[in-house]
Amino acid sequence: MAQSMLVFIISGLVILAYCSQASNERTYQEVVWAVCGKLTGVLCEVAIAIYTFGTCIAFLIIIGDQQDKIIAVMAKEPEGAGGNPWYTDRKFTISLTAFLFILPLSIPREIGFQKYASFLSVVGTWYVTAIVIIKYIWPDKEMTPGDILTRPVSWMAVFNAMPTICFGFQCHVSSVPIFNSMQRPEVKTWGGVVTAAMVIALAVYMGTGVCGFLAFGASVDPDVLLSYPSNDVAVAVARAFIILSVLSSYSILHFCGRAVIEGLWLRYQGMPVEEDVGRERRRRVLQTLVWFLLTLLLALFIPDIGKVISVIGGLAACFIFVFPGLCLIQAKLSEMEEVKPASWWVLVSYGVLLVTLGAFIFGQTTANAIFVDLLA
């Protein structure tokens, strides 16, 4: 499924670059504002704020999951052992890490220094994939795989996997500023870059997902590293890489969400963006504290990352399909007289297809989130 969706994912990135160049806007929400109008632009900004907020919760849960295993190794205690010291409690370790590292990284106005963590994140991602593949080829004796499903239980199970795929491949919100930061931002060059990047990402996800599932079968944890024993040193290093990567990723996503909230607030108040530094600093600190505390509290009481991803995966589909599709339709409608009729109809039809696909995934995900828990 991921391979077939890759065409739509890449085309969405190319459409955004094309619309950014045509509208001369430099961020995702500004492109949607300029091409699709005020109403769609506001909906896009609200969706970005919700998505980044939910992803920050997921990141804190990931930190807690990996810390639990690392602490078990350091304490040299069996998993699930009772009577653990208070300072090894999950809620305490997540809170301590968040206050010591995440909050200081989130308060600054600019996040340019985060570029130094990107290389470490890439290395960590490849290391995790390599470990999962190696552990599948040469499994440990204590690893006992469950039943291996050879086909989906139902078509609904296939559709339920779409939000997770969208969550994994969603980089569209940050793609517009990245495109504009290129030395020579050209759509053709950008198409080659994003195609290579998505193929690499697919290889990483397929290697981790397939080998992780074959190693543990139906009993695999949604966070695959949790399926491995706590005392495995190589896996413990992978968990440390994941924590380091997530620490910087939280502040980057918070920055995107905070920028959207700031823009919405200024427009609502009718204030200019160029305000005095004092007011901006107070607002930024207040917004950061409220965001940080709310995500932390929710992460402490939502232990299952799968539930968070299932919800925000639907929003990721909007950024991948719906908004790029709407941008393509509006851009071609405005160029109707300049484009050949056949080409115009093909591109507009493709935009409609993107919007329909994204709306289906979002609607199906929202319905599951609402009704499954009610019926359970």
Side-chain angles (χ1 to χ4, degrees), residues 1-21 27-28 31-32 48 51-52 55 58 115 118-130 132-133 158-159 161-213 224 242 245-246 249 252-253 256 309 312-328 347 350-351 353-358 360-362 365:
M1 182 187 294
Q3 299 95 317
S4 59
M5 290 179 66
L6 208 61
V7 175
F8 299 111
I9 293 169
I10 293 172
S11 67
L13 291 166
V14 175
I15 290 168
L16 289 169
Y18 170 78
C19 292
S20 172
Q21 200 169 58
T27 66
Y28 190 102
V31 168
V32 176
I48 290 175
Y51 176 81
T52 52
T55 307
K115 63 184 178 182
S118 61
F119 177 75
L120 187 62
S121 298
V122 172
V123 172
T125 301
W126 279 104
Y127 178 82
V128 171
T129 302
V132 172
I133 294 174
V158 176
F159 293 134
M162 286 185 175
T164 304
I165 296 173
C166 291
F167 177 76
F169 282 97
Q170 197 291 118
C171 58
H172 295 58
V173 172
S174 58
S175 68
V176 178
I178 292 173
F179 168 73
N180 285 288
S181 68
M182 294 173 63
Q183 191 172 11
R184 297 180 63 185
E186 297 176 354
V187 175
K188 185 176 180 180
T189 304
W190 175 252
V193 170
V194 296
T195 299
M198 289 298 106
V199 169
I200 292 172
L202 179 65
V204 170
Y205 288 142
M206 291 290 288
T208 306
V210 171
C211 292
F213 177 75
V224 66
I242 292 295
S245 176
V246 168
S249 298
I252 293 172
L253 277 174
C256 296
I309 291 177
I312 60 179
L315 279 176
C318 292
F319 302 130
I320 294 173
F321 304 112
V322 176
F323 292 118
L326 290 174
C327 286
L328 179 62
L347 292 172
Y350 186 72
L353 175 62
L354 286 178
V355 173
T356 304
L357 180 59
F360 169 77
I361 297 174
F362 177 72
T365 304

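- Across all their heavy atoms, G212 and V132 have their closest contact at N-CG1, 3.5 Å.
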| task | Show your working on side chain to side chain contact (heavy atoms under 4.5 Å, CB included) between F8 and Y350 and close with a plain yes or no. | result | CA-CA 10 Å; F8 299 111; Y350 186 72; 3.4 Å; yes
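- A salt bridge links R184 with E186; the closest basic N to acidic carboxylate O contact falls under 4.0 Å.
- A pairwise comparison of heavy atoms in I133 and C211 identifies CG1-SG, 3.8 Å as the closest pair.
- Remark: the backbone N or O of L315 is not paired with any side-chain donor or acceptor of Q170 at under 3.5 angstrom.
- Considering CH2 of W126 and OG1 of T208, their distance stands at 9.0 Å, rounded to 0.5 Å.
- Interatomic distance, I165 CD1 to L202 CG, rounded to the nearest 0.5 Å: 9.5 Å.
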Under 3.5 Å, which donor-acceptor pairs link side chains of residues 190-201 to any protein atom two or more places apart or in another chain?
{"unit_1": "W190", "atom_1": "NE1", "unit_2": "L13", "atom_2": "O", "d": "3.1"}
{"unit_1": "T195", "atom_1": "OG1", "unit_2": "G191", "atom_2": "O", "d": "2.7"}

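- Between F213 and V224, the closest side-chain pair of non-hydrogen atoms is not below 4.5 Å.
- Side chain of Y51 to main chain of V173: no donor-acceptor pair is present (N/O by atom type, distance under 3.5 Å, no hydrogens or angles).
- In terms of heavy atoms, C256 sits closest to T52 at CB-CG2, 4.3 Å.
- In this structure, the side chain of T129 engages the main chain of T125 through a donor-acceptor pair within 3.5 Å.
- In this structure, the separation between CD1 on I178 and OH on Y28 is 13.5 Å, given to the nearest 0.5 Å.
- With sequence neighbours left out, the side-chain contact (heavy atoms from CB on, under 4.5 Å) criterion links C166 to M5, A316, A317, I320, F321, I361.
- Listed for the S245 side chain is no donor-acceptor partner under 3.5 Å among the backbone atoms of I242.
- The closest donor-acceptor contact from the side chain of S175 to the backbone of H172 lies under 3.5 Å.
- Atom CG of L328 is separated from atom CD1 of I15 by 4.5 Å, given to the nearest 0.5 angstrom.
- The line from OG of S174 to CD1 of I252 is 8.5 Å long, rounded to the nearest 0.5 Å.
- Across C19 and V31, no two heavy atoms sit closer than the pair CB-CG1, 3.8 Å.
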